[in-house]
Amino acid sequence: MRSLVRKALLAVGLPAVLFAAWWLASAGSTSFYFPPLSEIVAEFGETWTAERWRDDVLPSVARLAAGYAASCAAGVALGLLIGRVRWLFHATEPVLEFARAVPPPVLVPVIMLFAGIGDGMKIAVIVSGCLWPVLLNTVAGVRSVEPVQLDTAAAYRLGRARTLTAVVLPGASPRIVTGMRQALAIGVILMVVSEMFAAQSGLGFAIVQFQRSYAIPAMWSGILLLGCLGAALAALFSCADRAVLHWYHRQRTEEA
Amino acid sequence: MLEVAGIGKDYRVDGAVHTAIDALSFHVAEGELVCIVGPSGCGKTTLLRMCAGLLAPTRGTAAVDGREVDGPPEGTAVVFQEYGRSLFPWMRVGANVELPLKRLGLTRAERRDRVAEALRLVDLEGKERAWPWQLSGGMQQRTAIARAVAFRPRLLLMDEPFAAVDAQTRADLEDLIRDLWSRLGITVVFITHDIDESVYLGQRVLVLSSPPTTMRAEIHIDLGPDRDQLETRSGPAFAKLRGQVWGEIQAAKRDA
Amino acid sequence: MLEVAGIGKDYRVDGAVHTAIDALSFHVAEGELVCIVGPSGCGKTTLLRMCAGLLAPTRGTAAVDGREVDGPPEGTAVVFQEYGRSLFPWMRVGANVELPLKRLGLTRAERRDRVAEALRLVDLEGKERAWPWQLSGGMQQRTAIARAVAFRPRLLLMDEPFAAVDAQTRADLEDLIRDLWSRLGITVVFITHDIDESVYLGQRVLVLSSPPTTMRAEIHIDLGPDRDQLETRSGPAFAKLRGQVWGEIQAAKRDA
Amino acid sequence: ATTAACGGGGEAGDGGTDAVSVGVIPIVDVAPIYLGIEQGFFASRDIEVELTEAQGGAAIVPGVAAQEFDFGFSNITSLLLAQSAGLPVEIVANGVASTGVAGEDFGAVMVPADSPIQTPADLAAATVAVNTLNNIGDTTIRESVRLDDGDPSGIGFTEVAFPDMPAQLSAGNVDAAWAVEPFKSMIEAEGGRPVAWNYVDAAPDLTVAAYFTTSQLSQEDPDLVRRFSEAIAESLQYATDNPEAVRDILGTYTDISPDIRAALTLPAFPAEVNRASVERLAELGEADGIFENPPDVDALLP
Amino acid sequence: MSSERFHSPRPRSKGPRPRPVPPLFLGAAGVAAALLAGQLLPLTPLVDPRYFPTTGAVLAALADDLARAEFWRALGDTLVAWAAGLAIAVAAGAALGILIGSLPPVRAATASTIEFLRPIPSVALVPLAVLLFGTRLPSTLLLVVYAAFWQVLVQVLAGVRDVDPVAADTAKSLRLTPWQRLAHLAWPTALPYLMTGVRLAATVALVLAVTAELVIGSPGLGHEIAVAQTSGAAERMYALILVAGALGVAVNLGVRALEREVLAWHPSVRGEAR
Ligand SMILES: Nc1ncnc2c1ncn2[C@@H]1O[C@H](COP(=O)(O)OP(=O)(O)OP(=O)(O)O)[C@@H](O)[C@H]1O
Ligand SMILES: Nc1ncnc2c1ncn2[C@@H]1O[C@H](COP(=O)(O)OP(=O)(O)OP(=O)(O)O)[C@@H](O)[C@H]1O
Ligand SMILES: [Mg+2]
Ligand SMILES: [Mg+2]
């Protein structure tokens, strides 16, 4: 109980301080692009109405969820394959590195050629960014699994599938989870980016619209919302992380 | 059963070639219990890993049942010197012991029985639900032994398996291994640095030289099939054999 | 020097409380060499970690030089049971041994000399540039010992430090420790499961009971300061003490 | 001979040349300023122009607001939006205008050859690509549909960047696309056809875009602003008189291929802002509810 | 550990085992396959060569570009923005990551703030960047650093957490100074994570450098891409993307070489070295 309270205090402490600092620093600001925080907060309530949540925020989050889930699944699957099969690793590396370096603003039109302009495209854009941290971390994790554990699996002839699921996957899981944590924030960013193209609604679309129509306080409120969304998702993620990797974390926090 | 012919291993160390094992040839018959002793760093672990199909020899071959070893042979169990690292930290003790059984086509109940029995044999009754890192060093080592025992291998390769347990437990485990061996007719290759142990356990003791390693001596232990911790060890035959092995090891170290 | 008073440790295991050590009290005088033996899993490592200030006791205290231990006391060196994991894999053997010397204000040359000497003492001359994973198990353990030796601690805590080396090397290392101890006047607490070793090395042997652990016996080893692997071990006094310790351990296990 | 004053800010150098930075979008519309620089219309007024090519208003308007740019190029609706949101911007010179002739304008709503859409009214239930939502494209298209007795409320506007329109149109992801040159020509080259001339429909001789600055600069340095306006006006006149020069200069700052350059429809470059058309755009925008507060056209216009 | 590990049981073969194909060759084969797919795909009805030109057409456009001085200047500008941004992001991310990661209270106190700031897209910051730094290099740098920094930070934070408990105890018992513990324990443990972070950040920095140039119009490859895009010059646009991609590949080669150097001890590298 005490520790829960402590955790909560720690979680809100710094944001509260920063928020207060921002509030004070921006109070009375006349800069068009840096309005007072009080104005942004007032705008927040007005902007993000129930209607907006239904029409913009939730569909965006749904796309984010779909794209994120797809990236994690694909990243882990590909990563296991590439990490275990050495020739495949060498053969695919340059091509993947190439694909990684293509910026979304030029990638999206290409994706639109293949995936149209609907939700499929937006999910594809999210995947195009979220995939990499998961993939890279999975490959790195697979390749750094404790050699004695691999030897154990080999000695008992666990077989490919079981070695993969019972040894390699859990062995690499701390890295995989790191990749997924990375991907979470990138997913939010790409959710916004995807809605800069061929969109009619969505959280990112709304923010871009505010920016274009010079509704600057509303734009800031959107950025705040993105931050809150990211922090909320990260909190959820941490819970999942603690549950899945409890053997990993407990070993490390037990007595320290 | 196990036929080692002119086997040797060179490691590349910073560009230079380090000959760990020069050439070794020996034969272990079906149902035999052979102990291997030798100075620290002479290549016992290397040899074991080559026999287990985990390491490719630089020259020569190991063959199990007449088939050259190029991967872990079926029905082999290995207890690694690095017992701590060979346990999977994401599995509880019970699951660690059970894992190799999963591909044997046993029912869940059979597996559970085997696990419980193996843990009982190594005096870890009721520790199924503990995590490996909640165990003491000796308990971890016994878990690794339990895993091999539960597997009921045809060929059991053990690398200093009792190094981390107290004297009394060690004696118990020695008797356990001899019992399993004589009851189930398995073939055992047992690496140890405890001379008394090698004499007490083995039908034959192979003494390795310092690197570049060759076979220094092969000592037949004619103590008969029935051995007893008190009687056998206190007999004059035991003392003589013990002295013989000790002499060889000292000579091996001196020659280095 | 080291004063342990009513120390005890409870571990929380899946919500339940597991009393590893009930209560232990003993004193180790300055310049004394004390061996601790006890059944596997009785809490030797736990005790050592509490004395080293790495683990907070649940009750009671350990004090070094009259100061209660709440972190590793200055001038202490620990050789861990998990020798393999206590070496830093990113440092070569030489760097691993040198690391603790870096804060002692020695010149580079002095450090190099100490490292070379320590490695020579454990028979690892010329292995400075090897990586830990290029060493055999016994060599890794000797590296960990060399690190402690090079540090020249006032208090040396060793947890089964010779478990992975062959008999001859073990004898040499025993003599090395006795030599360092008598020459430098350091205080040594030595955990072992080898009864002969405990009698040969120690001035006193503490025998622990099975968990919940208490002190089972405290045996004074009146073999005099000069000991010899052949003579001392073959004498009748040694055999008597040996039998005494053995009896206590057996009793400890039986009572469990 | 010119002595370059240090950039950023455009303070008048004493008796020297004013360095002026202008944020533009590298498209057909800004050809006159490139021509004007080439012809020395700015140099002769002691202005040295440095052009920065940005992708759109996201960078240009804040750039001007921060006085990183002295002048910027933007479409009228965007400027109305900025003005209504309280950003002190002022138009200083005309930029580009519709030719005012249906069938010969530089922007139109295009459909593929086999599209069932024949008239603007048919767009009422269609998906129409515009480069930016709630901007000049959709407000004028709605007007086209209204004029053709259609109901614009059912149009599904979708944001697609101009360069992606040909591909999206041919892929069938949108039913129609509001394209400007050179993309209009590209669609035509593939057999697409225009169905609505939204600029023409919105107002006669619609002013589409203009050069603007901040009120602050126009108050602090009215002389510079005046000289800049004159230079632009002269450049626009030159562009109007020399369409071939316009097509040529496109080759220097764009990658438009020579055959498209030769074929594309040039916009009109009148020297003056058509005030009535700006007011019309403001009305259209207000009707569509894109402004938070009604824009003040008087404050915006010079 | 094992140098030449047997993988799974292979069918037995007498005679020498086949020599492994060199990695470079495999990589080249992969690239060739991708280029070939790029050549063939537009010839199928799946995509229209006008919008997705064939490899041949793109390479021809690329050859044109390579002959132009402006192209090289643009490339140089992009590389400067990229390298400077990446250097700042990696240095700051690694330093802060190690610091925050090794101080549990600081870690707990900053976690929510980090998670709040991370998902804010760099592109949403464009107007602010322009406002603060104009359209020149610092603006691009701000966006690049903002995006790349988090990638490094998150990796390093996870890396520091990965410290082996026994190694941590060892360091404690040796009474290493806080600085030594950072340098000899936290840093090496986090290094494999950091390398992945660098690889992620390197491409993110490149992507952002190009994107920022594209949107803001500061000179560089991105600006060239924007010009090609707004002119409908698909071949040239893809040629420039090819260049960006090739930069990514080159960056990766560099990071791999660095990895082989600094991670020589790590299982992922040491297994390969031999
Ligand atoms: N991966 C490796 N790279 C280079 N050298 C190695 C490697 N593994 C082992 N060696 C060397 O090979 C020799 C034999 O090692 P091995 O582990 O087989 O010894 P061992 O007989 O098991 O010793 P111990 O009893 O100490 O465990 C040693 O000198 C060691 O340094
Ligand atoms: N982190 C932990 N969590 C829960 N229980 C633990 C933990 N560490 C140790 N134990 C338990 O405490 C007891 C004592 O463990 P300890 O490692 O001290 O034994 P030990 O005397 O060193 O044994 P060994 O000779 O086998 O190394 C054991 O029963 C063990 O299961
Ligand atoms: Mg070994
Ligand atoms: Mg222990």
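We name chains A, B, ... by the order of the sequence lines, and we start the count at 1 in each one. What you see below is based on every heavy atom in this structure, not just the backbone, and it leaves out hydrogens, waters and symmetry mates.
Between chain E and the residues A/Leu224, A/Ile216, A/Leu88, the largest count of heavy-atom pairs under 4.5 Å involves A/Leu224. In terms of heavy-atom pairs under 4.5 angstrom with chain A, the leader among E/Val204, E/Leu208, E/Val163 is E/Val163. Top candidate by heavy-atom pairs under 4.5 Å with chain E, chosen from A/Asn137, A/Ile207, A/Thr92, is A/Asn137. Heavy-atom pairs under 4.5 Å with chain A were tallied for E/Gly222, E/Pro119, E/Pro105; the largest tally goes to E/Pro119. In terms of non-hydrogen atom pairs under 4.5 Å with chain A, the most contact-rich of E/Pro165, E/Ala111, E/Gly159 is E/Pro165. Of the residues considered (E/Ala202, E/Ala29, E/Ala108), E/Ala108 shows the highest number of contacts with chain A, using heavy-atom pairs under 4.5 Å. Your options are E/Ile120, E/Leu35, E/Val210, E/Asp169, and the one with the most heavy-atom pairs under 4.5 Å with chain A is E/Ile120. The choice from A/Thr178, A/Val192, A/Leu190 that makes the most heavy-atom pairs within less than 4.5 Å of chain E is A/Thr178. Among the candidates A/Val193, A/Val188, A/Val177, the residue making the largest number of heavy-atom pairs closer than 4.5 Å to chain E is A/Val188. Between chain A and the residues E/Leu157, E/Val154, E/Asn252, the largest count of heavy-atom pairs under 4.5 Å involves E/Asn252. Contact tally against chain E (heavy-atom pairs below 4.5 Å) for A/Ala140, A/Gly222, A/Pro133: the top residue is A/Pro133.
Atom CH2 of A/Trp22 has more than 12 heavy atoms from other residues, nucleotides or ligands within 6.0 Å.
For A/Val139, no part lies near chain E; criterion is any non-hydrogen pair under 4.5 Å. The part of A/Ile186 that comes within reach of chain E is its side chain, from C-beta onward, which places non-hydrogen atoms under 4.5 angstrom from that chain. Neither the backbone nor the side chain of E/Ile114 comes within contact range of chain A, judged by heavy atoms closer than 4.5 Å. For a residue to count as touching a neighbouring chain, one of its non-hydrogen atoms must lie under 4.5 Å from one of that chain's; by this rule E/Leu200 touches chain A with backbone and side chain alike. Contact annotation for E/Ala246: only backbone heavy atoms (N, CA, C, O) come within less than 4.5 Å of a heavy atom of chain A. Proximity to chain E is absent for every atom of A/Phe237, based on heavy atoms less than 4.5 angstrom apart.
Within the 4.5 Å cutoff, the side chain of A/Ser144 has no heavy atoms near those of the E/Tyr193 side chain. The side-chain heavy atoms of A/Arg175 and E/Pro192, taken from C-beta on, include a pair separated by under 4.5 Å. By the 4.5 Å heavy-atom criterion applied to side chains, A/Phe89 and E/Leu26 are not counted as neighbours. E/Leu206 has its side chain out of reach of A/Arg100: every pair of non-hydrogen atoms, C-beta onward, lies at least 4.5 Å apart. For the pair A/Trp132/E/Thr203, no side-chain contact is recorded, criterion being any heavy-atom separation below 4.5 Å from C-beta on.
Among all heavy-atom pairs drawn from A/Ala101 and E/Gly248, the shortest one is CB-CA, 3.7 Å. Across every non-hydrogen atom of A/Ala231 and E/Ser112, the tightest pair is CB-O, 4.3 Å. Heavy atoms only, all atoms of each residue included: A/Leu226 and E/Pro121 are closest at CD1-CD, 3.3 Å. Across every non-hydrogen atom of A/Leu14 and E/Ala109, the tightest pair is CB-O, 3.5 Å.
Under a 4.0 Å N-O distance rule, the pair E/Glu259/A/Arg143 does not qualify as a salt bridge.
Listed for the A/Gln182 side chain is a donor-acceptor partner under 3.5 Å among the backbone atoms of E/Gln151.
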